[in-house]
Amino acid sequence: MAIKCIARLRSRRVVQDQLQTPNEVEAEGGCCWANLPQELLWEVLLMIEETESIWPQRKNVVACAGVCRSWRFIIQQIVKLPQLSGKLTFPISVKQPGPKDSLLQCFIKRNRSTQTYYLYLGLTNSLSDGGKFLLAARKCRRPTCTDFIISLQAEDFSKGTNTYAGRLRSNFLGTKFTVFDGQSPQAGAKMGKSRSSRLANLRQVSPSSNYTMAHISYELNLLGSRGPRRMQCNMNTIPATSIAPGGLDPTTQAELNPYQSTPTSFLSKSASMENSVSDQKNGGLVLINKAPRWHEQLQCWCLNFHGRVTIASVKNFQLVASPENEPAGPEHEKIILQFGKVGKDLFTMDYRYPISAFQAFAICLSSFETRIACE
């Protein structure tokens, strides 16, 4: 009953706001729903948060945050970070680290005709469900490089709007990639006027407003077609200590107020991130391929994807943290990102802390770019 009432709140608020002048609305605290007793309101919103664990039911939690300022404030206190709850609620969640205790299961759909890629959150273990849309990317070929423009919406890939999340750019050979974030690394970014920017906390950017998040490189495959691709991801914005017991990603510092802007880089701008040695000296996390094993009966290289990958492909990979010239511990055995083919244009993407859905999606997009030098 409470949920049905919540669903009608926003439409009623629109009617009320149209009948009142801006001064009258401001004097009443935004809307009549803002005057509900805080204790009662907290209990109602907490019940909705606890009972709605997956999409599309979870859209009611987002709707509650849009009723008025007091509701939004309480929802921000109740909704936990993805790394603690394993749930993606607001658009800003795609820029926050994934869950610590398990892989968050997603899948990517490819549209060959438009060179567009769509990322969905899996609602069930089956890939037959529609999933919850998270991000989209479109490939743009240029004379000297290839760009993947990443957006919060499925059809809008403009760089100068609030839907622009970032981009992935390759070099001429398609062996090295750079991930750019459209959000400023400066804390306290101002809120935009659109609904997407209010929820995602991403301010409007210009085409030149890009901030380096990661470098991805593919190495020459000495085994030819028999061996998997060799790749390495240097994460500018994530310290290597984040995977250690008790380690925290920089975005976790905002845990008490998780939807405020947080710095996206902990390294100085002059820090070189071109190779793993410099990254490790500067404290950056380095992700490398998990070594496959040779299967004598199948006569091929194999990785255990625990049923999440069904088709053999050179694009399939699993990434783990580099031990940084130290003996590998249990934390270096955990799969941080795995990507694999399950259909002609369908791929699974599973990720976990300390990377975000945006970072994982960008890394997987690099696997779609053809690179003759690596195969």
Side-chain angles (χ1 to χ4, degrees), residues 103-120 122 127 131 134-141 145-150 167-179 214-235 287-295 298-320 335-352 355 357-375:
L103 289 168
L104 200 59
Q105 296 183 345
C106 307
F107 59 92
I108 297 173
K109 290 183 178 180
R110 173 176 59 183
N111 188 324
R112 293 176 181 264
S113 60
T114 60
Q115 293 292 288
T116 307
Y117 305 84
Y118 304 95
L119 175 66
Y120 296 87
L127 292 173
L134 298 179
L135 292 166
R138 176 167 293 173
K139 181 188 290 189
C140 303
R141 292 193 179 276
C145 65
T146 298
D147 274 350
F148 289 85
I149 307 301
I150 304 175
R167 64 186 173 95
L168 173 75
R169 168 165 288 187
S170 74
N171 64 355
F172 178 74
L173 295 177
T175 57
K176 295 183 182 297
F177 296 79
T178 303
V179 181
H215 292 277
I216 307 166
S217 61
Y218 288 82
E219 300 178 16
L220 178 64
N221 188 354
L222 301 178
L223 297 174
S225 60
R226 298 177 63 197
R229 289 173 176 170
R230 297 179 58 189
M231 62 185 298
Q232 177 177 283
C233 304
N234 305 321
M235 312 304 295
L287 303 179
I288 58 175
N289 280 86
K290 184 175 182 180
R293 62 180 181 85
W294 178 254
H295 198 292
L298 299 178
Q299 290 295 297
C300 65
W301 294 93
C302 297
L303 286 168
N304 185 5
F305 288 91
H306 301 283
R308 291 286 291 167
V309 177
T310 57
I311 299 177
S313 172
V314 70
K315 294 180 174 65
N316 302 346
F317 65 80
Q318 290 180 326
L319 295 183
V320 296
I335 303 298
I336 294 178
L337 171 63
Q338 67 178 20
F339 172 79
K341 191 172 184 179
V342 293
K344 181 179 179 180
D345 293 301
L346 187 62
F347 305 81
T348 55
M349 186 199 86
D350 304 335
Y351 76 99
R352 69 186 304 160
I355 66 173
F358 170 77
Q359 293 168 326
F361 187 42
I363 293 173
C364 292
L365 288 173
S366 70
S367 187
F368 289 106
E369 180 64 8
T370 303
R371 52 191 66 79
I372 300 177
C374 299
E375 300 175 0

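The basis for the numbers below is simple: all heavy atoms, side chains too, and nothing from hydrogens, waters or symmetry mates.
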So do the side chains of [X] and [Y] get within less than 4.5 Å of each other, counting heavy atoms only?
X      : Y      : result
Val320 : Ile336 : no
Phe148 : Ser366 : no
Leu319 : Ile363 : yes

Taking all non-hydrogen atoms of both residues into account, name the closest pair between [X] and [Y] and its distance.
X      : Y      : value
Ala137 : Ile150 : CB-CG1, 4.1 Å
Ala360 : Leu337 : CB-CD1, 3.8 Å
Gln105 : Asp350 : CA-OD1, 3.2 Å
Ile108 : Cys364 : CD1-CB, 4.0 Å
Arg308 : Thr348 : O-OG1, 3.0 Å
Val342 : Thr310 : CA-OG1, 3.4 Å

Drop me the distance from [X]'s [atom1] to [Y]'s [atom2], to the nearest 0.5 angstrom.
X      : Y      : atom1 : atom2 : answer
Thr178 : Asp147 : OG1   : CG    : 10.0 Å
Ile216 : Met235 : CD1   : CE    : 7.5 Å
Tyr351 : Leu103 : OH    : CG    : 10.5 Å
Leu168 : Cys140 : CG    : SG    : 11.5 Å
Leu119 : Leu134 : CG    : CG    : 4.5 Å
Met349 : Phe339 : CE    : CZ    : 9.5 Å

So, does [X] use its side chain to make a donor-acceptor pair with the main chain of [Y] at under 3.5 Å?
X      : Y      : value
Asn289 : Phe317 : no
Thr175 : Leu173 : no
Asn316 : Ile311 : yes
Asn111 : Thr116 : no

Modelled atom types, side-chain donor and acceptor of Glu369 and Thr146, under 3.5 Å: yes
Candidate pair Asp345 and Arg112, rule side chain to side chain contact (heavy atoms under 4.5 Å, CB included), full reasoning: CA-CA 8 Å; Asp345 293 301; Arg112 293 176 181 264; 2.8 Å; yes
Identified ring pair (Phe, Tyr, Trp, His ring centres under 6.0 Å) partner of Tyr117 from the options Phe107, Phe361, Phe368: Phe368
